[in-house]
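A quick write-up on the structure given underneath.
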Amino acid sequence: MKGILGRYRNQLPLANYDFTLGEGDTPLISAPALSRATGAEIFLKLEGCNPTGSFKDRGMVVAVAKAMEEKSGAIICASTGNTAASAAAYAARAGLTCAVVIPQGNIALGKLAQAMIFGARVLPIEGNFDCALKLVRELAEQGNLTLVNSVNPHRIEGQKTAAFEIVDELGDAPEILALPVGNAGNITAYWRGFSEYLRAGTASRAPKMFGFQAAGAAPIVRGAPIENPQTIATAIRIGNPASWKGALAARAESGGLIEAVTDDEILAAYRLLAEREGVFCEPASAAGVAGILKLARAERLPRGARIVCVLTGSGLKDPETAMRGLELPEALPATMDAVARALEIG
Ligand code: F0G
């Protein structure tokens with residue numbers, strides 16, 4: 001396993017390509033139930049299969065490799081959880097100090113556990129992600145600290161490799177790429193990747209970029225920042241995305257769209273992915289699929305279109321949301337009889 005630095009070294013500007021936790025090269029699988037439900041040809045890009053369970057690892061490996069090259073003393077980020085987990089892991093690997101500033105009470109448990117076990121300094125604040133990002137941007141300007149949020153250009157460079165992988169595997173770009181939008185770094189990165197492959201002639205077309213925000217945290221859809229964003233999909237609970245302009249450019253240049261999906265639509269897609277496709281992603285990751293289902297219901301999807309939905313993070317990050325509304329039965333006596341009766345067999 002070479003990791004994305006080894007595999008895409010010609011497209012990534014670095015001095016040392018040996019640094020890796022095994023990120024990238026994630027599965028792209030067909031989604032038969034979703035394809036039947038929408039009349040499209042749907043594939044799922046399983047970014048939860050990255051080393052820390054989200055797409056952030058693609059950008060973090062580049063950002064941390066650069067921080068090492070530049071002899072940075074420490075890295076810092078604001079995060080809704082996944083960036084923190086990823087930064088903490090790569091910092092541990094690199095022997096760098098890592099600090100993460102997070103919105104108190106709005107981080108999925110698995111992400112918090114990751115940041116802490118990797119030994120990061122975890123600082124919850126009485127404020128949301130947007131406040132945390134503003135804080136760390138100011139702090140990074142003052143000290144010998146490298147900011148590893150996606151405003152760090154190396155993050156976007158690393159994340160664009162997911163677009164390369166999709167084209168490399170399908171033989172060309174899909175017609176549509178659907179993904180959740182939070183701070184808008186990822187939609188910016190995918191668009192850069194597809195655009196570079198189109199310019200290089202590796203792909204004959206670029207996909208329309210379809211971004212989806214949670215309805216309670218949809219500043220780009222609304223056209224104005226949101227003071228107090230709310231959604232069950234805590235990963236994308238963001239009211240003032242840093243890469244807003246990148247998202248608008250991706251939408252305009254690709255002829256795509258950015259729309260909102262409700263929490264109920266997100267949860268329905270999240271459960272459908274688990275129950276019908278056997279894929280457990282985190283709630284935010286289901287926003288892209290929720291959006292595609294919504295467009296199909298409104299007959300706004302071209303029939304038979306090849307669509308890749310990016311599932312950005314693993315469902316194991318957030319067991320609490322998964323268990324909500326589910327009930328584990330009382331323990332039974334350890335007998336055939338009791339278990340057979342409970343299963344209504346015979
Ligand atoms: N999906 C997941 C699972 C995420 O963690 C994020 C962002 C997104 C989608 C949205 O991506 O911000 O590039 O538009 N998480 C960041 C974090 C904000 O701190 O982990 P984006």
Side-chain angles (χ1 to χ4, degrees), residues 26 45-50 52-60 63 76-89 100-103 106-108 110-112 114-115 120 122 128-133 136 147-152 155-156 158-160 162 177-193 209-214 217-220 229 231-248 250-251 258 261 266 269-270 280-291 309-318 321:
T26 56
K45 180 74 169 157
L46 305 185
E47 289 292 281
C49 294
N50 277 296
T52 75
S54 86
F55 71 98
K56 304 287 180 179
D57 296 337
R58 294 178 184 276
M60 202 57 71
I76 189 166
C77 66
S79 183
T80 58
N82 281 323
T83 300
S86 186
V100 306
V101 181
I102 58 172
N106 284 294
I107 300 283
K111 303 175 188 179
L112 192 58
Q114 287 178 293
V122 179
N128 60 27
F129 170 84
D130 303 293
C131 302
L133 183 58
V136 297
L147 184 64
V148 295
N149 281 105
S150 56
V151 291
N152 177 328
R155 280 277 314 278
I156 306 288
Q159 282 173 215
K160 76 183 179 186
L177 184 98
L179 79 176
V181 173
N183 212 24
N186 212 26
I187 190 169
T188 304
Y190 268 95
W191 182 239
R192 184 179 300 173
M209 304 294 289
F210 282 16
F212 296 95
Q213 301 198 289
I220 299 176
T231 168
I232 189 163
T234 51
I236 53 171
R237 188 171 172 269
I238 294 174
N240 191 10
S243 297
W244 195 314
K245 285 198 185 120
L248 294 185
R251 177 176 69 184
I258 298 178
V261 284
I266 289 173
Y270 168 73
F280 185 24
C281 65
E282 65 172 285
S285 303
V289 172
C309 296
V310 183
L311 300 185
T312 46
S314 163
L316 292 172
K317 297 265 189 181
D318 188 0
T321 301

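In this text the structure is predicted, and so the values were computed from the model without any measurement. Each ligand, and each atom within it, is numbered from 1 in the order the structure gives.
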(message) Under 3.5 Å, is there a donor on one side chain and an acceptor on the other for S54 and K317?
(response) no

(request) For R58, enumerate each residue passing the salt bridge (Lys or Arg N to Asp or Glu O under 4.0 Å) test, keeping only those at least two apart in sequence or located in another chain. (result) E47, E165

(message) If only side-chain N and O atoms count, and only distance matters, is there a donor-acceptor pair under 3.5 Å linking E282 with N82?
(response) yes

(message) Side chains of T52 and D57: any donor to acceptor distance under 3.5 Å?
(response) yes

(message) Given a heavy-atom cut-off of 4.0 Å, could you list the residues near ligand 1 in chain and number order?
(response) F55, K56, S79, T80, G81, N82, T83, P180, V181, G182, N183, A184, G185, N186, A235, I236, I238, E282, S285, T312

(request) Working to the nearest 0.5 Å, report the span between CD of Q114 and OG of S86. (result) 9.0 Å

(message) Would you compute the distance between atom OG1 of T234 and atom CG of D318 and round it to the nearest 0.5 angstrom?
(response) 6.0 Å

